[in-house]
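The next block holds one structure in the form of structure tokens; read it before the comments.
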Number of protein chains: 2
Amino acid sequence: MGRVFSQSERLTDAMRSVFVELLVHGPMSRAEVARRLALSPSALTKVTKPFIETGYLREQLTGEGPSTVGRPSQPLQVDASRMSFVGIKLTADELYAVRTDLAATIQEETQRTLIDHDIDNVLGQIAQTVADLTEEDRPLSAVGISLAGTATPSDPVVHTSPFLGWSQLPLARLVEEAVAVPTVLDNDVRALTAVQQWFGEGVGHSSFALITVGAGIGCGMVIGDRLVTGRSGATGLVGHLAIDDRGPMCEQGHRGCARAYASSPAIRRSVATALDRPELTFDDCLAMARDETRDGHPVARRVLDEAGTALGQIVATVANITGPELVILSGEAVHMYEVCADAFQTALARHTHWTSTPVPVVVKPFAFNEWARGAAVTALQHLLLHR
Amino acid sequence: MGRVFSQSERLTDAMRSVFVELLVHGPMSRAEVARRLALSPSALTKVTKPFIETGYLREQLTGEGPSTVGRPSQPLQVDASRMSFVGIKLTADELYAVRTDLAATIQEETQRTLIDHDIDNVLGQIAQTVADLTEEDRPLSAVGISLAGTATPSDPVVHTSPFLGWSQLPLARLVEEAVAVPTVLDNDVRALTAVQQWFGEGVGHSSFALITVGAGIGCGMVIGDRLVTGRSGATGLVGHLAIDDRGPMCEQGHRGCARAYASSPAIRRSVATALDRPELTFDDCLAMARDETRDGHPVARRVLDEAGTALGQIVATVANITGPELVILSGEAVHMYEVCADAFQTALARHTHWTSTPVPVVVKPFAFNEWARGAAVTALQHLLLHR
DNA sequence: GTAAGTTCGTTCACTGTGTCAAGTAAATGA
DNA sequence: TCATTTACTTGACACAGTGAACGAACTTAC
């Protein structure tokens with residue numbers, strides 16, 4: 001009992017892939033799994049047995065499915081409650097955390113304001129958060145931490161974090177020592193991409209790109225069923241893509257830079273400045289652009305059209321270069337999409353290479369705890385794939 | 001004898017990976033291969049034996065290497081002459097072909113002008129070319145065909161070829177029937193990328209991008225040791241990347257388009273038009289820009305600076321998005337690099353995301369038969385990996 | 001209501017790939 | 001000379017996954 005995922009017992013390739021297949025592609029009969037993974041039926045009996053004995057897999061009550069010929073199948077389902085993960089997203093001044101089960105469903109969440117950026121204090125706050133989220137009788141399987149920057153699970157060191165003021169900090173190891181649970185560190189956008197890959201819109205696609213809009217613009221990619229991790233963790237750096245050379249300017253002094261057009265602070269600033277109304281919020285701007293009575297306020301309308309155009313060009317550029325099956329649009333500010341959909345689609349079509357059809361785009365609503373959930377999924381993936 | 005690569009005997013994973021390791025990473029001792037592939041030493045004795053017996057691997061005379069402690073190693077080398085491949089590159093009016101050995105060394109080459117685009121005639125010319133290149137006593141192992149477009153080895157159909165006027169043509173199957181040798185079809189840029197991956201600058205890198213300049217601008221990518229094949233074969237479409245919105249125009253009506261700045265016909269046209277000298281060739285333009293006596297002809301100088309700037313921006317964009325370890329610059333017109341290196345490097349640095357360092361760039365001189373060689377390597381890779 | 005057909009899942013003997021442990025080979029260095 | 005180091009080989013063995021035969025549980029045809 002309980003020895004299947006213990007560190008002593010090593011999973012075979014077949015066991016791992018069968019379990020992941022069932023976790024990601026929902027309840028499925030042994031026969032179905034065997035077909036999808038090109039395994040023999042007998043292998044499935046053998047491989048699933050220990051999982052069922054230890055409770056990680058359960059045989060579903062035979063569903064009242066559409067009756068077919070032959071013996072009805074016996075769907076297998078992962079018991080998501082058998083494991084818990086904590087995911088933590090670090091920002092400059094906050095710490096967002098969630099506890100999820102094996103299916104990445106959020107069970108509990110917290111938030112904490114960082115006292116300061118002193119490492120020991122942050123470690124203390126992380127340890128406290130993990131302790132608070134851990135249930136009495138159910139030990140954590142792994143902890144995931146995500147932040148902006150170039151960390152990767154294989155090089156779990158914060159090399160330089162401008163906003164936290166750290167450099168060369170082996171954060172994963174320090175947290176692991178503090179909480180005594182295996183800990184994985186990864187870039188925040190890549191963590192979000194992992195969520196989409198296993199539990200979101202990316203399921204069933206061997207390649208897709210995730211574009212996030214919010215305080216900045218991010219991009220994560222899955223190519224050939226694998227999450228892309230570039231040279232020293234640097235991938236998807238679309239935030240400063242040159243849209244034109246006359247537009248608004250970003251903090252780095254780039255004229256017509258993507259984030260100067262399409263990030264939520266830039267949008268807010270453009271409208272507020274043009275109207276000399278510094279109190280306007282981002283959502284105010286969206287409301288003004290949406291305003292039906294006069295076809296939208298002209299300033300907000302223009303700014304959002306330009307934002308949509310920039311986003312469309314970003315998506316087209318990423319799609320032209322990497323050729324994903326799908327692009328997922330998400331992030332704290334995705335709800336701006338409905339206000340600039342026309343401009344977006346026009347720009348997407350315009351910048352898509354003429355020999356291709358525009359890539360399918362899915363808009364994925366964003367909840368504020370998705371970042372932390374991403375960290376949890378990173379931990380989960382790491383545990384299931386690399387242990 | 002000779003049964004190792006016969007279609008009846010299937011290679012095990014270990015055999016395949018050992019053979020490819022030795023082919024790609026040069027002569028190596030068994031012990032070294034074992035370490036690199038995480039296999040046991042005994043596995044290497046066992047796996048190597050049939051290859052040596054059949055002559056695909058040879059034990060090298062113990063090299064006079066720097067003497068070390070312990071028993072000297074016995075380097076193993078692939079006998080490249082044991083297999084032959086024919087690679088064919090199709091363009092609108094020519095057919096370029098080479099025969100290579102297992103190490104992708106060109107043994108013989110031909111060129112043929114296409115009579116017309118009638119499929120039977122083209123098939124006839126291909127069959128004749130293959131027959132001409134085949135040696136009496138050494139049968140071909142595979143034939144590779146490459147052309148511009150969206151074909152891939154897994155979907156070996158020419159869906160639409162604007163310049164050849166074909167659509168939905170199962171070219172690989174037809175050629176295979178005509179020449180009675182396994183045939184692989186792939187996109188031309190991806191084929192070139194395959195050459196770099198196994199026999200060029202990409203060796204030893206798990207990710208890199210290849211940017212080609214010539215009649216157009218192409219881009220092939222290896223990510224996580226795998227050649228990227230996008231949605232229906234469409235990847236690396238950087239030719240129409242928007243550089244600015246005021247520059248020269250391409251055939252698709254894009255202002256400031258990458259190929260309107262940096263393709264060799266566009267460069268030639270810009271200089272020729274500005275000077276009203278239609279007879280100027282591309283190489284004339286390079287010579288004028290290089291002209292030491294007056295720091296280069298001002299028109300040619302300016303056009304090439306702008307071309308270099310565009311190229312730098314393309315490379316930076318690709319690198320920002322996919323994060324390759326290396327970028328290889330090649331194509332029929334790469335020799336223009338030396339004339340615009342400064343502008344290129346400036347633009348590369350300028351457009352590289354500020355959190356990264358510019359990606360290392362290698363310039364790879366190009367011979368006209370590299371395209372056909374690429375086709376041969378595609379066939380070779382397919383034979384070794386997917387059989 | 002029975003038989004035939006179909007698909008799902010299990011059992012058990014077996015194949016075959018790669019490992020482990022032990023031993024041999026060939027050099028250096030003291 | 002002998003210890004030490006590294007390379008390679010050999011043969012017994014472990015064990016993951018397969019194949020074939022079989023039992024289970026349903027639908028459909030007559």
Side-chain angles (χ1 to χ4, degrees), chain A residues 3-5 8-22 25-53 57-77 385 387, chain B residues 3-6 8-22 25-53 57-77 387:
Chain A
R3 41 168 258 286
V4 171
F5 279 107
S8 52
E9 305 274 329
R10 202 148 217 81
L11 298 185
T12 67
D13 284 352
M15 288 179 83
R16 198 196 316 276
S17 59
V18 166
F19 190 78
V20 170
E21 189 71 19
L22 284 167
H25 296 275
M28 230 187 305
S29 68
R30 287 168 242 251
E32 181 67 19
V33 177
R35 279 188 293 263
R36 295 175 71 137
L37 300 180
L39 289 169
S40 64
S42 38
L44 260 109
T45 314
K46 196 181 286 187
V47 159
T48 49
K49 188 178 284 173
F51 284 119
I52 291 175
E53 281 168 359
L57 287 180
R58 281 190 338 236
E59 294 190 313
Q60 270 191 339
L61 319 170
T62 329
E64 307 294 315
S67 65
T68 52
V69 239
R71 173 177 170 174
S73 64
Q74 182 80 61
L76 294 179
Q77 191 175 22
L385 296 183
R387 292 259 174 184
Chain B
R3 41 167 259 283
V4 171
F5 278 107
S6 71
S8 51
E9 305 277 325
R10 201 149 217 80
L11 299 184
T12 68
D13 284 353
M15 288 180 82
R16 199 195 315 277
S17 58
V18 165
F19 191 78
V20 170
E21 189 72 17
L22 285 168
H25 296 275
M28 228 187 304
S29 68
R30 286 167 244 253
E32 180 66 20
V33 176
R35 279 188 294 264
R36 295 175 73 138
L37 300 179
L39 289 169
S40 64
S42 36
L44 259 109
T45 310
K46 195 182 286 189
V47 159
T48 308
K49 188 176 285 173
F51 284 119
I52 292 177
E53 282 168 358
L57 287 181
R58 280 187 341 234
E59 293 189 313
Q60 268 189 340
L61 320 170
T62 328
E64 305 296 313
S67 66
T68 51
V69 226
R71 171 177 173 175
S73 65
Q74 182 80 60
L76 295 179
Q77 190 176 21
R387 291 258 174 183

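What's counted below: heavy atoms across the whole structure, side chains too, no hydrogens, waters or symmetry copies. In the text below, chain A, chain B and the rest are named by the order of the sequence lines, each starting its count at 1.
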Problem - Residue pair A/Leu39, A/Val33: steps toward the side chain to side chain contact (heavy atoms under 4.5 Å, CB included) verdict - result: CA-CA 8 Å; A/Leu39 289 169; A/Val33 177; 5.7 Å; no
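- Residue-level contact check: B/Ala14 touches the backbone only, with heavy atoms under 4.0 Å from sugar-phosphate atoms and none from bases.
- No donor-acceptor contact under 3.5 angstrom links the side chains of A/Gln74 and A/Glu59, judged on distance only.
- One atom, NZ of A/Lys49, and another, P of D/dA16, lie 14 Å apart when rounded to the nearest Å.
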Exercise for the section: Go through A/Met28 and A/Gln77 one step at a time and tell me if the side chain to side chain contact (heavy atoms under 4.5 Å, CB included) criterion holds. Expected result: CA-CA 7 Å; A/Met28 230 187 305; A/Gln77 191 175 22; over 6 Å; no
Exercise for the section: List the steps and the verdict of side chain to side chain contact (heavy atoms under 4.5 Å, CB included) for A/Arg58 and A/Ile52. Expected result: CA-CA 6 Å; A/Arg58 281 190 338 236; A/Ile52 291 175; over 6 Å; no
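- In the set D/dC26, D/dT10, C/dG18, D/dT10 carries the atom at the smallest distance from any side-chain atom of B/Thr45.
- Using a 4.0 Å heavy-atom distance criterion, B/Ala31 is classed as a sugar-phosphate-only contact.
- Applying the 3.5 Å distance criterion, the base of D/dC26 shares no donor-acceptor pair with the side chain of A/Arg71.
- Backbone-only contact: B/Leu39 has heavy atoms under 4.0 Å from sugar-phosphate atoms and none from a base.
- Along DNA chain C, the nucleotide closest to A/Ser42 and the one closest to A/Gly70 are compared, and the more 5′ of them pairs with A/Gly70.
- Whole-Å rounding puts the B/Gln74 CD to C/dA26 P distance at 10 Å.
- Note on B/Arg35: every side-chain N or O is 4.0 Å or more away from OP1 and OP2 of D/dC8.
- Checking C/dT19, D/dT18, C/dC8 against the side-chain heavy atoms of A/Ser73 singles out C/dC8 as nearest.
- Distances shown here put a side-chain N or O of A/Arg30 below 4.0 Å from the OP1 or OP2 atom of C/dT10.
- With D/dC26, C/dT19, D/dG17 as the choices, the nucleotide that has an atom nearest any side-chain atom of A/Asp13 turns out to be D/dG17.
- Atom pair B/Lys46:NZ and D/dA12:C1' shows a separation of 10 Å (rounding to whole Å applied).
- In summary, the side chains of A/Arg30 and A/Thr48 do present a donor paired with an acceptor at a separation below 3.5 Å, with no hydrogens or angles considered.
- Nearest nucleotide to the side chain of B/Pro72, out of D/dG17, D/dT27, C/dA26: C/dA26.
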